[in-house]
Amino acid sequence: QQRIKLAVLGAPGVGKSSIIRQFVNQEFNTEYIPTEKKHVYLPSVIINDHLYELKIIDCPYIPYFPVNSLYEWTDFRGYGLRNATAYILVYDITSEESFQYIKNIRDQILESRDMHDIPLFVVGNKHDLSEERGISRREVASMVKKHWKCGYIECSAKCNWHIVLLFKELMKTIDHIDYGH
Ligand code: GDP
Ligand code: MG
């Protein structure tokens, strides 16, 4: 069985690496170590009573680039994001700007492939800092669920809160896809 490829994308510092490390290794580091190059995790995990072979791609900073160039850019840089099974778009709930960033990334993904049944999953991280919220949960939820029609969850990599649930919900979405190949 082929590995399920999950691309984790979002602005620098939102907690992409932390979410992955919490999920895969059950560890959290308060120090910020920017991800310099792509890092691939290959965990075999049981989610919803089902064994999944995952390939989780932790992406370094992807600068803004013109819409439509994700295809060329990712292939050129060898990130291999174009054929991901799903995209996890992470923002930091204390940063409105980080939500704008994933809007932009989503536009680029839409432009670069037929999104018919490619799941996007939106994750608002750093829920433990909800007193410093920079964008309301309601605003994001209505946008994401109504207009983007994709899954949405808030979590905290720091507190290991909703990290497993995030992957459970994501895998439920993926299981509904007919890959057609
Ligand atoms: P990345 O650049 O998106 O990979 O972000 P990192 O995973 O490297 O995290 C950036 C910083 O945010 C680090 O200092 C982390 O310790 C911190 N961080 C990550 N997740 C959380 C969280 O859920 N809550 C809080 N308070 N800090 C977090
Ligand atoms: Mg990182």
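Note that the numbering runs from 1 along the sequence shown for the chain. Quantities reported herein were computed from a predicted structural model and do not represent experimental measurements. Remember, it's 1-based here, ligands and their atoms both numbered in the order they're listed.
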Peer 1: I'd like to know if E154 and R133 make a salt bridge, using a cut-off of under 4.0 Å between side-chain N and carboxylate O.
Peer 2: yes
Peer 1: For ligand 1, note which part of L129 has a heavy atom under 4.0 Å away: side chain, backbone, both or neither.
Peer 2: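 It is the side chain that touches ligand 1; the backbone stays farther off.
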Peer 1: Could you list the residues that satisfy ring-ring contact (aromatic ring centres under 6.0 Å, His included) with Y41, not counting sequence neighbours?
Peer 2: H39
Peer 1: With a 4.0 Å cut-off on heavy atoms, is W161 in contact with ligand 1?
Peer 2: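 No; W161 lies far enough from ligand 1 that no heavy-atom distance drops under 4.0 Å.
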Peer 1: By number and element, which atoms of ligand 1 are closer than 4.0 Å to a non-hydrogen atom of S156?
Peer 2: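 Close to S156: 23 (O).
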Peer 1: Is a side-chain donor or acceptor of Y87 paired with a backbone partner of L6 at a separation under 3.5 angstrom?
Peer 2: no
Peer 1: Are the side chains of C59 and T35 in contact, using a 4.5 Å heavy-atom criterion?
Peer 2: no
Peer 1: Starting from the Mg ion (ligand 2), count all protein N, O or S atoms within a radius below 2.8 Å.
Peer 2: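 Total protein N/O/S atoms under 2.8 Å from the Mg ion (ligand 2): 2.
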Peer 1: When you measure from atom 10 (C) of ligand 1 to every protein heavy atom, which one gives the shortest distance, and what is it?
Peer 2: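 Answer for atom 10 (C) of ligand 1: Y32 CD1, 3.3 Å.
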Peer 1: Considering only distance and modelled atom types, tabulate donor-acceptor pairs under 3.5 Å from the side chains of residues 88-95, sequence neighbours left out.
Peer 2:
unit_1: Y91; atom_1: OH; unit_2: Y152; atom_2: OH; d: 3.1
unit_1: D92; atom_1: OD1; unit_2: T94; atom_2: N; d: 2.8
unit_1: D92; atom_1: OD1; unit_2: T94; atom_2: OG1; d: 2.8
unit_1: D92; atom_1: OD2; unit_2: T94; atom_2: OG1; d: 3.3
unit_1: D92; atom_1: OD2; unit_2: K126; atom_2: NZ; d: 3.4
unit_1: S95; atom_1: OG; unit_2: S98; atom_2: N; d: 2.9
unit_1: S95; atom_1: OG; unit_2: S98; atom_2: OG; d: 3.4

Peer 1: Indicate yes or no: does an N/O atom of D128 lie under 3.5 Å from an N/O atom of ligand 1?
Peer 2: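 N/O-N/O distance under 3.5 Å: yes.
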Peer 1: Considering the heavy atoms of N29, write down every atom of ligand 1 situated less than 4.0 Å from one of them.
Peer 2: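 Answer for ligand 1: 15 (C), 16 (O).
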Peer 1: Of the protein's non-hydrogen atoms, which lies at the shortest distance from atom 14 (O) of ligand 1, and what is that distance?
Peer 2: T30 O, 2.9 Å
Peer 1: Do you know the tightest heavy-atom contact between R106 and H147?
Peer 2: NH2-O, 4.3 Å
Peer 1: Below 3.5 angstrom, do we get any N/O pair linking G13 and ligand 1?
Peer 2: yes
Peer 1: Do L165 and F121 land in one hydrophobic cluster if side-chain heavy atoms of ILVMFWY residues count as linked below 4.5 Å?
Peer 2: yes
Peer 1: Give yes or no for whether the N/O distance cutoff of 3.5 Å, strictly under, is met between G15 and ligand 1.
Peer 2: yes
Peer 1: Is the backbone of H127 close enough, under 3.5 Å, to the side chain of K158 for a donor and an acceptor to pair up by distance?
Peer 2: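 No, because the side chain of K158 does not come within donor-acceptor range (under 3.5 Å) of the backbone of H127.
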Peer 1: I need the nearest protein heavy-atom contact for atom 20 (N) of ligand 1: residue, atom name and distance, please.
Peer 2: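 Nearest protein contact, heavy atoms only, for atom 20 (N) of ligand 1 is N125 ND2, 3.1 Å.
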Peer 1: Within a distance under 4.0 Å of any heavy atom of E31, pick out the atoms of ligand 1 and give their elements.
Peer 2: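 Taking each heavy atom of E31 in turn, ligand 1 has 13 (C), 14 (O) under 4.0 Å.
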Peer 1: What protein heavy atom sits nearest atom 12 (O) of ligand 1, and how far off is it?
Peer 2: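 Result: K126 NZ, 3.2 Å.
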Peer 1: Side chains of L42 and R3, heavy atoms from C-beta outward: is any pair under 4.5 Å?
Peer 2: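 In short, these two side chains touch, coming nearer than 4.5 Å.
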Peer 1: For residues 18-29, dump all side-chain donor-acceptor pairs below 3.5 Å to protein atoms at least two apart in sequence or in another chain.
Peer 2:
unit_1: Q22; atom_1: NE2; unit_2: A157; atom_2: O; d: 2.8
unit_1: Q26; atom_1: NE2; unit_2: F23; atom_2: O; d: 3.0
unit_1: N29; atom_1: OD1; unit_2: E31; atom_2: N; d: 3.0

Peer 1: Check whether K149 reaches the backbone of K146 with its side chain - one donor and one acceptor, N or O, closer than 3.5 Å.
Peer 2: yes
Peer 1: Using a 4.5 Å cut-off on heavy atoms from C-beta on, say whether the side chain of V144 contacts that of E139.
Peer 2: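 The answer is no; the side chains never approach within 4.5 Å.
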Peer 1: Quick check: do D58 and K38 have side-chain heavy atoms less than 4.5 Å from each other?
Peer 2: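 Sidechains of K38 and D58: no contact.
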Peer 1: Check this for me - ligand 1, A157, N or O atoms closer than 3.5 angstrom, yes or no?
Peer 2: yes
Peer 1: Considering heavy atoms of the protein only, find what lies nearest to atom 7 (O) of ligand 1 and give residue, atom and distance to 0.1 Å.
Peer 2: S18 OG, 2.6 Å
